Amino acid sequence: MKKILILTALMLVAFVGTQAQTLSKVLEKHYQATGQEELAKVKTFSQKITMSMMGMEMPMEIKVKKPNKFRVEVDMMGQKTISAFDGEKGWMINPMMGSGVQDLQGDQLKQAMDQADMEGELYNYEAKGFTAELIGKVNSDGKEAYKIKLTGKDGAVRNYFIDANTYLVSKMKTKVEAMGQTMDIETKILEYEKVDGVQMAKKMEIVMPMGTQSMQVDEIKFNEKLDDSIFARPAN
C-alpha cells in the first residue's frame with residue numbers, strides 16, 4: 001500500500017511538471033510569434049481606431065507610455081469623453097455623466113490600470129500577480145486553440161485562446177462590472193498587423209450583452225514623444 005501511494009505521488013508530480021512545461025512552451029511560442037522582445041523595447045505607442053456599434057462610428061485615440069500611463073479619447077455623438085491613468089490615479093471627463101473632471105474608482109479604475117500594461121497580461125504574468133493554467137487544446141470558432149485561464153489576485157478570471165497554428169491570441173473572454181451588473185465580454189481578434197517586428201491587433205470584434213462592437217485600427221505609432229502632462233488630471 002505504501003509503494004502504491006509513493007508511485008501515485010510520483011505520477012502526480014510528473015503530471016504537474018508536464019503541465020507546467022506545456023504552459024511554458026505555449027507561452028514561449030506565443031511571445032516569439034507576438035514579437036514580445038521587440039515590444040519590450042517600445043516606450044510609447046499611439047493608436048487611432050474607428051469603433052462601430054449600432055450603425056454609429058466613433059473615432060477613438062489611445063496613448064500608452066511606460067511604465068504605467070494610459071489615455072483614451074472617444075468622440076461620441078459630437079461629444080468627447082476622456083479616461084486616463086497617470087501612474088497613480090485615474091480620472092475621466094464625460095459630458096454625458098456630468099461636467100468637470102471625475103475620479104475613476106472601482107472597476108473603471110482597474111480597467112484603466114490594466115490598459116496601461118503595454119506588454120499584456122500574459123507576459124511576465126507571475127510578476128504581475130497572476131496565476132496561469134493551461135486548460136488544454138480546444139475548438140475556438142472552428143480552429144484549434146490553446147485555452148489559458150489567467151486568474152488575478154482579486155480572483156477575476158480571464159480566458160485567453162491562442163491559435164494553435166499562429167500562436168497569436170485569437171480570442172479573450174472575461175467578466176466586467178458595468179452599470180451595476182456583471183457582464184460577459186468576448187473579444188475576437190480578427191486581423192493582425194506587423195509593426196516594427198511586433199504583431200498588433202488590427203481588427204477586433206467585441207461581443208457584449210448590449211450588442212457587438214467592431215474596432216478597426218487605422219494608425220499605430222511606436223515611440224512617439226508623449227508628454228506626461230497629457231495623462232495628468234486637469235483642474236476642474
Side-chain angles (χ1 to χ4, degrees), residues 24 26-51 58-75 80-93 101 103-104 107-130 132 148 150 152-153 158 160 162 166-170 172 174 187 189-204 206 215-235:
S24 177
V26 170
L27 287 177
E28 183 181 350
K29 290 181 179 180
H30 166 63
Y31 300 152
Q32 291 173 352
T34 303
Q36 204 77 50
E37 284 188 12
E38 294 303 314
L39 183 58
K41 301 172 186 176
V42 175
K43 303 302 181 185
T44 72
F45 85 76
S46 304
Q47 291 180 315
K48 290 184 178 179
I49 299 170
T50 301
M51 182 169 62
M58 293 166 278
M60 174 189 295
E61 190 165 357
I62 294 174
K63 296 182 185 295
V64 183
K65 183 176 182 178
K66 287 184 178 177
N68 54 4
K69 292 180 171 61
F70 168 80
R71 177 186 174 110
V72 58
E73 298 183 15
V74 183
D75 287 324
K80 180 180 287 188
T81 65
I82 303 172
S83 294
F85 181 69
D86 66 4
E88 295 182 359
K89 297 180 180 179
W91 56 272
M92 71 173 177
I93 297 174
V101 186
D103 292 327
L104 289 180
D107 290 300
Q108 287 182 321
L109 176 60
K110 187 176 183 304
Q111 288 168 28
M113 293 172 66
D114 290 344
Q115 293 292 325
D117 180 6
M118 188 186 299
E119 293 167 355
E121 297 172 331
L122 289 175
Y123 188 64
N124 287 335
Y125 67 89
E126 290 178 309
K128 296 171 184 176
F130 293 101
I148 294 177
L150 198 68
K153 290 182 288 187
R158 291 96 154 155
Y160 282 82
I162 296 177
T166 66
Y167 284 92
L168 298 174
V169 173
S170 59
M172 294 167 283
T174 188
T187 302
I189 304 178
L190 307 177
E191 186 179 330
Y192 279 87
E193 178 183 2
K194 199 168 189 178
V195 181
D196 296 339
V198 181
Q199 293 284 3
M200 300 290 291
K202 176 74 174 179
K203 188 176 181 180
M204 293 164 283
I206 303 171
M215 299 179 72
Q216 177 73 38
V217 179
D218 304 312
E219 181 181 277
I220 300 173
K221 288 183 179 180
F222 285 160
N223 294 321
E224 181 183 27
K225 187 175 180 180
L226 300 177
D227 195 275
D228 286 348
S229 62
I230 68 171
F231 305 100
R233 189 187 195 278

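Note that the coordinates shown come from a computational prediction; the quantities given were computed from them, not determined experimentally.
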Tell me, do [X] and [Y] make a side-chain contact under 4.5 Å, heavy atoms counted?
X	Y	value
Phe85	Leu104	no
Thr174	Met172	no
Ile189	Met204	yes
Glu38	Phe222	no
Arg158	Asp114	yes
Asp117	Phe70	no
Met60	Val72	yes
Val42	Asp196	no

Tightest non-hydrogen contact, residues Val198 and Gly35, listed as CG2-O, 3.8 Å

I need the minimum non-hydrogen distance between Ala132 and Tyr125, along with the two atoms involved.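 Between these two residues, the closest heavy atoms are CB-CE1, 3.5 Å.
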
Between Phe231 and Leu226, does a side chain to side chain contact (heavy atoms under 4.5 Å, CB included) hold up when you go through it step by step? CA-CA 9 Å; Phe231 305 100; Leu226 300 177; 4.2 Å; yes

Nearest-0.5 Å distance that lies between atom [atom1] in [X] and atom [atom2] in [Y]:
X	Y	atom1	atom2	result
Met92	Ile82	CE	CD1	12.0 Å
Asp103	Gln108	CG	CD	11.0 Å
Lys69	Met113	NZ	CE	12.5 Å
His30	Leu168	NE2	CG	7.5 Å
Gln199	Glu193	CD	CD	9.0 Å
Asp86	Asn68	CG	CG	8.5 Å

Can you check whether [Y]'s main-chain N or O pairs, donor with acceptor, with [X]'s side chain at less than 3.5 Å?
X	Y	answer
Tyr31	Leu122	yes
Lys66	Ala40	yes
Tyr123	Met118	no

Answer yes when Glu191 and Lys203 have at least one side-chain N-carboxylate O distance shorter than 4.0 Å, and no when they do not.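 Lys203 and Glu191: not salt-bridged.
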
Side chain to side chain contact (heavy atoms under 4.5 Å, CB included) for Val101 and Arg233? Distances and angles first, verdict last. CA-CA 8 Å; Val101 186; Arg233 189 187 195 278; 3.7 Å; yes

Positive for side-chain contact (heavy atoms from CB on, under 4.5 Å) with Lys48, one of Glu61, Gln216, Lys221: Glu61

Identified side-chain hydrogen bond (donor to acceptor under 3.5 Å, both in side chains) partner of Ser46 from the options Glu224, Lys65, Arg71: Glu224

Would you say NZ of Lys202 has more than 12 non-hydrogen atoms from neighbouring residues, nucleotides or ligands within 6.0 angstrom?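 For Lys202, atom NZ is crowded (more than 12 foreign heavy atoms under 6.0 Å).
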
